[in-house]
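Order of the sequence lines fixes the chain letters, A, B, ..., with proteins taken first and strands second; residue numbering starts at 1 for each chain.
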2 protein chains.
Amino acid sequence: MVKKQLIMDKALELFSEQGFEATSVQQITERCGISKGAFYLSFKSKDELILALIDYFMMQITADIDQSVRSCSNEEELLYVFYFTTFRSFSKHSAFAKMFLKEQTQTFNEELISKHDYYDSHINESILYILDQLYGEQIEETKYDLLICIKGFIQIYSALYLRFNLPLDIDSLTKSLVEKTALLAEHSTIPFISGDIIRIIKEPIHEQVTTEHIAALIEQKIDDIENPIEQESLQILKDNLFKTNTSLAITKGLLENIKNNPQCKWISYLIREYYQL
Amino acid sequence: MVKKQLIMDKALELFSEQGFEATSVQQITERCGISKGAFYLSFKSKDELILALIDYFMMQITADIDQSVRSCSNEEELLYVFYFTTFRSFSKHSAFAKMFLKEQTQTFNEELISKHDYYDSHINESILYILDQLYGEQIEETKYDLLICIKGFIQIYSALYLRFNLPLDIDSLTKSLVEKTALLAEHSTIPFISGDIIRIIKEPIHEQVTTEHIAALIEQKIDDIENPIEQESLQILKDNLFKTNTSLAITKGLLENIKNNPQCKWISYLIREYYQL
DNA sequence: TATACTAATGACTAATCGGTCAATTGTCAA
DNA sequence: TTGACAATTGACCGATTAGTCATTAGTATA
């Protein structure tokens, strides 16, 4: 599916420059050097394209953040690692980040909102995990305000950087934000986010990670994977989902096989969560 | 110009629900109960409409914020007054705030960006004024990071509130943000925003307030004003712009005459700045 | 070379867009 | 009541949109 990738690349360029609605399928196909018909061989509709883009990148970004946070052994560095990974991801996928920033407040598509909420809730969990690890009970009251503020920091600094296309000194930005976050965590006492609001924020809880969900995801991705080892690993992982008494060692090994393919990051993230690895 | 107001009202509703691009002129005229031709009697184009909306509301909001900040005598309350006025304004004009949040990241119109920058720079000045008053030299290094963080707080909490249409306890939110801001101002030591970035941020400096600019603005607004006293006051203020040795007392009195008309807030703000009142 | 199959094309449709303008309606002074 | 003028209408325009499909080009097998 090289064609699909080509379309996604060029479309992302255009979306980040002009926005989704302002970009026509014609423009996309022209930049790809293909015909209009060819576009609709790869994607059923223009909407499906943007949803695919969001999935493709958000899976990577979200899994990236989660992984580096969970694998960080040094508590001192937890916040640093989180911010650093986040901005490095945004920096790496800056065209996507730009598009995402443009479209995230748009209401034009119900499915887009729910997708946004889905990944957002995963990121929320990563942040809450960090806060829990670092401060625990100490910030029981202000926890959700901290969550909001951290996301506010990320959003406003990202927007600044993406707006002017500045070269970003991630280390410096991260250090600055770590200090700010720590200050708020350790000294702020007046919460705003009340129990009611928390419930509303949390409402779009991401569905329980089910065997069917993972299996469907593998099914969907498996044909796009070119490396035969990775493909077989995915197949076995999928089959094992429906067996009992599967070897955790084998599972871990299989996960190791696919860990370098960015397309598999999300799946392995979900499987790790599923088996509590 | 009652028709113009009707169109702006209904269009704002639609824009805040669906976004600007997704709303057609047809939809607007249908909701107004007028014909398509009638729309184009009031506005030269759809673009002119959104620019008018932004001017109409941003003038009020920006002037509101500036006025309450500058007229706050108690230094202790400065930050509180700023946040409170800001959120009260957003709350009062929530449909506009919603639309603005949707469209602010859109690139589709050069003029829209420059308008955004124009009002943004005014708000920046209000915030920097507060920071200067409260902390002065003490935050020389971190001043612009504070500016960014304050705007980040406002943005993320507004988005939260507007997204879920929650009833907003402004006082509570404001107290929470005042504490956070004070913490950052008093204790943060690691700046990120460097001199280079400041220059880029400041670049779209709003033009010097000129006599011609104010006169043109009055000219443009004066026919929409229905109250004859307000209309005459504006006329005299405009004429006085081109005279030397005008009485400051008279100017102040005239400003007093128009202070209750929201349409005049921006003009009186500029005139006050012009005469250094 | 002939056949069978897939990949790719671009002219086409139906709908909608922002914007125009000749025709109609409403209003008020003479 | 008439006539002059302003306000309002909605059919219409050209451009553009997302999406379709009969046709063609390319490729692999027999």
List the atom pairs, donor and acceptor, that lie under 3.5 Å between side-chain atoms in residues 92-100 of chain A and the rest of the protein, sequence neighbours left out.
unit_1  : atom_1 : unit_2   : atom_2 : d
A:Lys98 : NZ     : A:Asn165 : OD1    : 3.1

For nucleotides 6-22 of chain C, just jot down a letter per nucleotide in 5' to 3' order: B, S or -, based on protein non-hydrogen atoms under 4.0 Å. --BBB------SBBBB-
Distance only, no hydrogens: is a donor on one side chain within 3.5 Å (strictly under) of an acceptor on the other, for A:Thr246 and A:Asn240? no
Should A:Lys115 and A:Leu112 count as side-chain neighbours, where that means a heavy-atom distance under 4.5 Å? no
Are any side-chain N or O atoms of B:Lys151 and backbone N or O atoms of B:Asn124, one a donor and one an acceptor, separated by less than 3.5 Å? no
If you draw a 6.0 Å radius around CD in A:Glu111, do more than 12 non-hydrogen atoms from other residues or ligands fall strictly inside? no
